[in-house]
Each structure stands twice: as structure tokens, then as C-alpha cells.
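Only one structure is covered here, and it is reproduced in the block below.
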Protein chains: 2
Amino acid sequence: MGVANELDIYIAIKDAIIQQKLRPSMQLVEEVIAESFGVSRTPVRNVLRKLAGEKLVTVIPYKGTFVACPTVEEAKEVFEMRRVIEASGVKKVSGKLTRDQLSQLSELLDEEHSAHHNGDPLLAVRLSGNFHLKIAEFTGNNYYFRYLEELISLTYVIIALYGMSKHMHCSDHRRLMLLIEQGEAEQAERLMIEHLKEIEDTLQFEEKGTAPQTLSEVFRLANGHYASVKG
Amino acid sequence: MGVANELDIYIAIKDAIIQQKLRPSMQLVEEVIAESFGVSRTPVRNVLRKLAGEKLVTVIPYKGTFVACPTVEEAKEVFEMRRVIEASGVKKVSGKLTRDQLSQLSELLDEEHSAHHNGDPLLAVRLSGNFHLKIAEFTGNNYYFRYLEELISLTYVIIALYGMSKHMHCSDHRRLMLLIEQGEAEQAERLMIEHLKEIEDTLQFEEKGTAPQTLSEVFRLANGHYASVKG
DNA sequence: TAATCCAAGATTGGATACAATCCTAATCAA
DNA sequence: TTGATTAGGATTGTATCCAATCTTGGATTA
């Protein structure tokens with residue numbers, strides 16, 4: 001690839017984080033990224049600041065930019081806010097979707113289903129996220145989408161950190177879509193809340209309880225050979 | 001003032017927008033801001049991008065950065081999301097606040113009350129916003145605070161654009177605090193939703209219905225003598 | 001007159017050079 | 001050996017220069 005604009009770089013880094021190619025606490029050195037995209041550090045800095053605004057990375061002055069490493073408490077906050085926004089969102093769209101919108105949801109369900117059977121759990125998780133995002137999009141209110149996009153991106157990082165059981169309650173999505181289609185707003189709302197609680201419960205918070213609290217701690221433990229995009 | 005760091009600049013611009021010294025659609029020329037803060041354009045650019053991430057300003061490539069000018073639809077989206085987040089927030093804190101937290105809320109109410117009687121409606125609006133923010137803070141979940149801070153900042157811009165009746169339902173806040181104190185979660189939730197709907201209803205969306213849709217339109221109308229921080 | 005084209009000014013976008021800061025590791029002394 | 005000190009490298013932060021783009025206004029021409 002030759003040069004790239006800021007949007008390309010933004011998408012590339014965000015995708016790399018979501019696909020766990022960049023794992024939590026990894027350092028993102030500006031010059032390395034700049035060279036690999038054929039640009040100077042300036043646009044890279046802009047992108048990293050933008051990602052910092054979405055809490056996907058953490059900028060530590062004069063030290064560097066690191067992929068976010070949410071604590072257990074932060075992870076629980078993410079899921080709590082997801083329940084607030086998604087419960088309201090699914091209630092809002094219930095019984096209000098067009099045939100075309102419903103078929104878009106249905107298509108995402110099919111893709112998620114086949115990703116499961118093809119043994120690609122990471123892809124399945126991302127398609128699951130897209131299902132939730134689509135509902136937010138269909139509310140017609142941009143804030144449902146904007147905030148949920150941020151929260152779902154963080155959910156991917158949380159899953160990268162704290163793992164996830166294989167069984168992803170795929171059937172919940174199907175039932176959710178039926179309730180939306182039938183206009184059962186209250187039931188859809190309750191199911192969404194339950195669904196998100198179940199996802200949160202499948203995370204193994206205690207297992208990696210010794211997960212790094214601070215970033216400096218990480219790199220001290222690794223004795224200088226810390227994880228980096230250079231490696 | 002001599003030099004300034006990014007945080008100073010960020011706070012100064014944000015305050016200027018909130019206090020309506022910088023009105024919607026005004027252009028923020030990087031070099032002008034840089035000179036007035038004694039720095040180069042670089043940190044100013046960073047701040048403007050950060051504000052753009054919060055939707056307080058709009059960056060148009062190769063044209064400039066302008067104070068946000070929300071449309072009626074966008075304004076209604078802001079209030080809808082405020083209802084979602086604040087209804088959940090006030091329900092969450094009801095009956096859970098310490099004596100100290102309640103007195104913090106009470107103090108804000110007193111300040112708001114005196115700002116009203118001192119004929120400073122702008123200050124009263126800001127103190128009202130702080131009251132709502134404090135509740136979000138007391139949820140203990142950072143996302144309530146982060147998202148609401150963004151939405152309330154935008155509310156100030158919306159009020160600057162679409163005006164507001166003098167009578168601000170100051171008594172709602174008092175009743176809200178009582179319900180929180182007494183642990184009447186459901187009643188507090190309902191009152192918060194009603195309160196926010198009333199605020200939205202006092203906005204005069206139709207009057208300034210000829211409000212500028214696009215920024216370029218604004219400056220065409222003014223025939224070159226457009227509003228600017230230079231002026 | 002009216003429309004088109006071009007040039008100049010203003011502003012932002014990006015690349016580069018340098019300053020500030022942090023971390024590491026070697027050196028030295030107790 | 002252990003601790004403090006310091007020099008070097010690595011990385012980010014800032015300033016400055018130039019390029020890209022947009023807008024305006026005047027000149028030119030039909």
C-alpha cells in the first residue's frame with residue numbers, strides 16, 4: 001500500500017484492535033505506524049487522539065499510546081451502560097421496523113450462525129456486535145449508534161482480556177428479533193437486559209484476576225521485552 | 001497570560017462556548033487562538049479535534065472549525081438520549097446517596113435559586129446542568145457522567161440557538177432531590193423524564209425555524225462579513 | 001452587461017526539525 | 001554487593017515551513 005489518509009489509518013488500527021491483532025496494553029509507536037502507512041507522524045497522532053477519545057487507547061504523556069486495558073470495574077461499567085442504552089433502543093424499535101430492516105437483521109443472524117459452525121468465534125462475536133449496532137442504528141437517533149459503537153468496541157477489548165465461553169447464546173438474538181417484529185416492546189427490553197447480563201457472566205473476571213492494573217507494571221514484569229507493534 | 005497547555009486551551013474554548021461568548025456557527029481560526037494563548041497551531045489543532053469528537057465544534061476540511069449548530073432534529077435527539085441516561089441514572093441513585101452527597105446537591109440548588117433571583121439566567125442554566133451532572137457522577141459509573149457531560153454541553157449550545165423561556169421549573173429539581181432522598185426510584189425516574197420534556201418544550205424551535213441549515217449558507221447570507229473570533 | 005477564467009489571499013493539512021521527557025543501563029562509590 | 005548518579009537512546013510534544021485547498025475579487029471576453 002502507498003500512502004493513506006486519516007480515515008484509512010483510523011479504520012486499520014481500530015480493526016486491528018477489534019480483531020485482537022493489537023492486544024490490550026500493546027504500545028502503538030507513532031513513527032512505526034507512520035512508516036507502515038507511508039505518512040508522517042502528524043496524521044497518526046490525530047488518529048491516536050481520536051481513538052483515545054473513544055477510550056480504545058490510552059495516551060500517557062511522553063510515554064506513549066497503549067491499547068486500552070479495562071479493569072474489571074470498567075468492564076462492568078461498560079456492560080451496565082450497554083444495558084441502559086440497548087434496553088431503551090430495542091424497546092423503541094419494537095414493532096417499528098420495515099420489512100427491509102428486519103431482513104437486514106435476519107441476514108446478520110445467518111452470518112453469525114455460519115461463523116459459529118465454521119469455528120470462527122471471533123468473527124461470530126463481531127457479527128453479534130453488528131446485530132446489536134444495527135438495532136441502535138434503526139432507532140433513528142444517532143446517539144444510540146454513536147455511544148453503542150464505542151461501548152461495543154470496548155466490549156471486544158474486554159473479551160480479548162477476560163475471555164468468553166464458547167456458547168454465545170446465539171438463540172437470544174433470534175428470539176429478540178421475533179419480539180421486535182411482533183412489537184412486544186417490554187418483552188424485548190427484558191430479553192435484551194437478560195442477554196447482556198448473560199454475556200457479562202460468561203466473562204472470566206476472576207481467572208485473570210492478576211491482570212495488569214497499570215501499564216508500567218506490565219512492562220516491568222516483561223523485563224524490557226514488552227509487547228510492541230514493532231515486535 | 002503567557003503560554004498555556006492543551007488542557008487550558010480546551011477548558012477556555014469549551015467555557016467560551018458554554019457561556020455563549022462563542023455562538024453557534026462562529027469560526028475558530030487556529031492561528032488566532034494560537035496567538036492569544038501564546039502557542040503554535042499544533043496544540044490548538046489537537047484541542048479543536050478533541051472538541052469535534054464531542055460534537056461541540058464541526059471541522060470542515062480546508063475550510064475551518066466552527067462552533068456546532070445543531071438542527072432541530074439533532075436537538076431532539078440530544079434530549080431523547082438525555083431522558084434515557086438520566087432516567088436510568090436517577091433511578092440508580094435513589095435511596096443510595098450519603099448525607100454528604102445530598103448536601104452537595106442541595107448546595108447546587110441554592111446557588112441555582114440565587115442565580116435566578118440575581119437575574120443571571122445563563123448562570124442558572126449552567127448550575128442546573130451541574131445539578132444533573134452531579135447525579136450522573138453519583139451513579140459511580142463513569143459512562144453516565146461522560147455521556148451526560150457531552151449531552152449537557154450540547155444542551156447549552158441548543159439553548160443558545162433556540163432560546164428558552166425564563167421560567168426554568170426550578171422547583172422540579174427540589175422535588176427530584178426529595179424523591180432521591182426518600183428512595184422513591186420510580187417516581188424520581190418519572191419526574192426526571194417529565195422535567196426534561198418540559199425543558200425541551202420551552203425551546204422555541206419554530207421561531208428561529210429559519211435558523212441556518214448549513215454553515216456555508218450562513219456566511220453567504222452575511223455577504224463575507226461573517227461572524228468570527230477575529231471580529 | 002454578464003459570464004468565465006485566473007490570480008491572490010486566507011486557512012487548513014502535512015512533513016520535518018528540534019525540544020522535552022522518560023526509561024535504561026552503565027559507571028562509580030560506599 | 002548495593003545504591004546513587006549520569007549519560008545515552010527512545011519516544012512524544014511543539015514549532016515552523018511548505019503544500020493543498022477553498023474563497024474572493026478582478027480582469028477578460030463574448
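These figures come from a predicted structure and were not determined experimentally. Values below: every heavy atom of this structure, side chains too, minus hydrogens, waters and symmetry copies. Below, read A as the first sequence line, B as the second, and so on, with proteins coming before strands; counting in each chain starts at 1.
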Just the atom pairs and distances: protein N or O near nucleotides 13-19 of chain D's N or O, under 3.5 Å.
unit_1  : atom_1 : unit_2   : atom_2 : d
dG13(D) : OP2    : Arg45(A) : NH1    : 2.6
dG13(D) : OP2    : Arg45(A) : NH2    : 3.0
dG13(D) : N7     : Arg41(A) : NH2    : 2.9
dG13(D) : O6     : Arg41(A) : NH1    : 3.2
dT14(D) : OP2    : Glu6(B)  : OE2    : 3.2
dA15(D) : OP2    : Ser40(B) : N      : 2.8
dA15(D) : OP2    : Ser40(B) : OG     : 2.5
dA15(D) : O5'    : Ser40(B) : OG     : 3.4
dA15(D) : N7     : Thr42(B) : OG1    : 2.9

Whole angstroms only, please: what is the CG-P distance between Leu7(A) and dG14(C)? 12 Å

Measure the distance from CG on Asp8(A) to C1' on dG13(C) and round it to the nearest whole Å.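 Rounded to whole Å, this separation is 16 Å.
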
Please say whether the positively charged group of Lys197(A), taken as NZ for Lys or CZ for Arg, lies over the ring of Phe79(A), i.e. under 6.0 angstrom from the six-membered ring centre and within 45 degrees of the axis. no

Cation-pi check for Tyr10(A) against Lys50(A): NZ or CZ below 6.0 Å from the six-membered ring centre and within 45 degrees of the axis, yes or no? yes

If only side-chain N and O atoms count, and only distance matters, is there a donor-acceptor pair under 3.5 Å linking Glu77(B) with Asn142(A)?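 Distance-only check fails for Asn142(A) and Glu77(B).
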
Let me confirm one number: the CZ-OG1 distance from Phe66(B) to Thr58(B), rounded to the nearest 0.5 Å. 9.0 Å

Which of parallel (below 30°), tilted (30 to 60°) and perpendicular (above 60°) describes His132(B) and His195(B)?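 Rings of His132(B) and His195(B): parallel, as their planes differ by under 30°.
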
